[in-house]
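The structure appears right after this line, and notes come after that.
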Amino acid sequence: MKIKTLFFGVARDIVGKDELLIDVQGNTTIQDFEARLLNQYPDFSDIRNFAFAVNESYVDRNYSIQKNDLIAVLPPVSGG
Amino acid sequence: MKIKTLFFGVARDIVGKDELLIDVQGNTTIQDFEARLLNQYPDFSDIRNFAFAVNESYVDRNYSIQKNDLIAVLPPVSGG
Amino acid sequence: MELNEQNLYQRQTGLKEFGEAGQKKLSQAKIVIVGCGGLGNPVASYLAASGIGTMHLIDFDKVEVSNLHRQVFFKTEDIGKPKAFVLAQHLRMINPFLKVFPKTMALTKENALKTLEIFDLIVDCTDSLPTKYLLNDAAILLNKPLIYGSLYKFDGYVATFNLKTPNGYSTNLRDFFPEIPKTQVPNCAEVGTLNPIVGIIGLMQANEVIKVISNLGDPLVNLLLVYNSLNNQQLKIKGKAKVNRDTILELWDQNTYEDARCEVQLKDWLITSQEMKEKKGQFHVISVIEDPEFELPFNVNETIPFKQFNSEKIDLNPSKKYVFVCRKGINSYAATSQLKVKYPNLMIFSLEKGIENF
Amino acid sequence: MELNEQNLYQRQTGLKEFGEAGQKKLSQAKIVIVGCGGLGNPVASYLAASGIGTMHLIDFDKVEVSNLHRQVFFKTEDIGKPKAFVLAQHLRMINPFLKVFPKTMALTKENALKTLEIFDLIVDCTDSLPTKYLLNDAAILLNKPLIYGSLYKFDGYVATFNLKTPNGYSTNLRDFFPEIPKTQVPNCAEVGTLNPIVGIIGLMQANEVIKVISNLGDPLVNLLLVYNSLNNQQLKIKGKAKVNRDTILELWDQNTYEDARCEVQLKDWLITSQEMKEKKGQFHVISVIEDPEFELPFNVNETIPFKQFNSEKIDLNPSKKYVFVCRKGINSYAATSQLKVKYPNLMIFSLEKGIENF
């Protein structure tokens, strides 16, 4: 299934896009998804500190991605 | 069908709420909906100048309301 | 670190998406901000700081005490001074490289096209509905983008109107609100606002200006952004560009773009603050203010909220002198003129310019 | 119109939802704004204008040229002055009824609880990740609401953390980002931002403060608002309050809340701007700045972007003296210290405090 994924902050810099459609197998957890992003984009070296939201709700790493989910990848930000 | 309706600006003042669930028959157009609001709340005397949006798109008065539509009632505003 | 343009903008030019190229576009831009109040204050200040090259500021008004709660670049010492000049003074102190030209004038149908034709982009920071339509229609006739912003209490609207795109010019105000409302909702009693939504809408306008000029991101094109500051709900209403330049040309001929509420008031039916103070106690004073909690600077004999005002139901005493009062002197004048039809020979006056200028 | 509190706030008190009651709540509030930069500037100014009673401003820093593009209440004449004092001066000029107390100090684990305990509410306008966690944890230990704001380039986050609700305290920073990241992404080279998103986030924080204090609308409770200014996309991420006060107490004991990047630098490995200017031409200067377009205030002999810097692959000439430079003197110090391991006796220096303070 194609999962629409939004990238914010430095995650957008790393991916080079606001959003991507990412092809995901069934039974993929956020932890798997995180590992896959890190594998594809080595600059995601700090990704374990990022927050993931699905359909505008914060999710834990063991959340299993469902069809039609909208994922947001949210790095910590520090500007002020 | 129950139609979620959001009220902005002076429309919120008139209705006294941010949003209402309004029971609507089939084949109701925005024009009918407008007349009904005016009938129920006489303070909507300027409602013909208001904009109506359905699911975040501007609609004409002849739009026919569908199940699960989200209506926004948008008066002209002039503050600056 | 030396004060020069390179150092001033280094936190912008260092952005790879913006860079020196984006900065150059800003520096070459010539824009006009119409209205220097709640929206114009932050729009002008943030755009000046960002390095817009040339900025004209237009406002006919002076700084008043009641402006300061939301026009946060004005100081108490500025009260009574022309807004455009005070704002320009601040801009010069934050960015000496800016070319800023303040103008104390009212835009009208007669001077709008001539005044606006020299700019790359127009920012609508006014607080008058007819002027908003005047700016919209003038921008279309001049083929210029218009950055629109407006608000009511806790809600604000923002859009980039009439931007030239590969599919033609984008939507304008009349695609969402076709006609100038004849009766403004609500009229005289300015309802007020909390200051954050004013700033949020102003900053969103500044953001649109920068996006449009530096060709960055996605401006609010064919969209009307609606923001509710009480619950942070945002809608982006999609619109279709239908009202085109030909239609606007016709409308331009038909419209006066004058505020129906600000029609000329007959001097004979007015009383000045000065006169009312001098002749204190000689009048029967009637307030037509809606808000029952509004505190007046003098005693009134009677209160009739304007919505309930009906000249048919009012009996006046021919031996008394009457003064009607409201906040801005608009509803009180309407009350006076209605009663003058019924009692043409009675002494009935409206407090000129209202309690706000008492 | 006379300058008094009633006239100053009449456009707020006239709102039936807010009224005199809301104004009174603001006037009785005692808040602290930590950080007087891009966020602190508008937050303090709009809240002062709205009639907050008592406001403390905390910032350890001074106004710099490169701040002015987004810290639009600072003027060129303020360069070099302490931010908290300059901002307080502006606030006094826009609202003489405000009680404002500027403090030039850095918040640390040692002074945070004592400093913050006297306030009703804390506003986080800092630009340091460890300080954001320090404020978060201190707010929880003190049972106080924290209005959080932060940003990166074009995106900003806002939330009202740790608000007491009928269901207990609302979410806090650690419910969304549990641990203080060890390596900040990105580190030394401050990436910069365009100024509108800074203002938008600041105004949204001011909006939260007013909502919370006057008990109006729906604050961003158990939510993290995310705003992308390039396309005006807004998300409101729902969170669950899980990290409670007991957990924070444990974390408080474990953490130093110090910026790992700002570890003590050995004086022997540093060279001051002064010394470098005096001994111009005597050094082989190597820049480790990433941005190829960054313009340096002096000539460099070599450029090695820090990401590609690898001491193993670098051969130095023992007869030369080396100076490494970067924007803030953090990456250049890291390069120096790595090479000092390989070449302990060579003359290798890092430009102290970086080019920004040259």
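Proteins get letters first, then strands, A, B, ... in listed order; numbering begins at 1 in each. All values reported here derive from a predicted model rather than from experimental measurement.
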Any donor-acceptor N/O pair, [X] side chain to [Y] backbone, under 3.5 Å:
X	Y	answer
C:Asn207	D:Leu230	no
C:Glu293	D:Thr13	no
D:His69	C:Tyr46	no
C:His90	D:Val72	yes

Cut-off 3.5 Å, no hydrogens considered: what does the side-chain donor-acceptor table look like for residues 212-222 of chain C, sequence neighbours left out?
from: C:Ser214; atom 1: OG; to: C:Ile210; atom 2: O; distance (Å): 2.6
from: C:Asn222; atom 1: OD1; to: C:Thr171; atom 2: N; distance (Å): 2.9

Heavy atoms only: give me the nearest C:Ile200-D:Leu203 pair and the separation to one decimal.
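Looks like CG1-CB, 3.5 Å.
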What is the minimum heavy-atom distance between C:Asp291 and D:Gly14, and which atoms define it?
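Looking at all heavy atoms of both residues, the closest pair is OD2-O, 4.1 Å.
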Chain D contact via [X] - side chain, backbone, both or neither, heavy atoms under 4.5 Å:
X	value
C:Glu2	backbone
C:Thr193	backbone
C:Gln6	side chain
C:Leu194	both

Going by the angle between their ring planes, with limits at 30° and 60°, are D:Phe73 and C:Phe73 parallel, tilted or perpendicular?
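Correct class here is parallel.
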So does C:Arg11 pair up with D:Glu356, basic N to acidic O under 4.0 Å?
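Yes, C:Arg11 and D:Glu356 are salt-bridged.
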Any salt bridge (Lys or Arg N to Asp or Glu O under 4.0 Å) pairs touching residues 195-216 of chain C, not counting sequence neighbours?
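Non-adjacent pairs meeting salt bridge (Lys or Arg N to Asp or Glu O under 4.0 Å): C:Glu208-C:Lys211.
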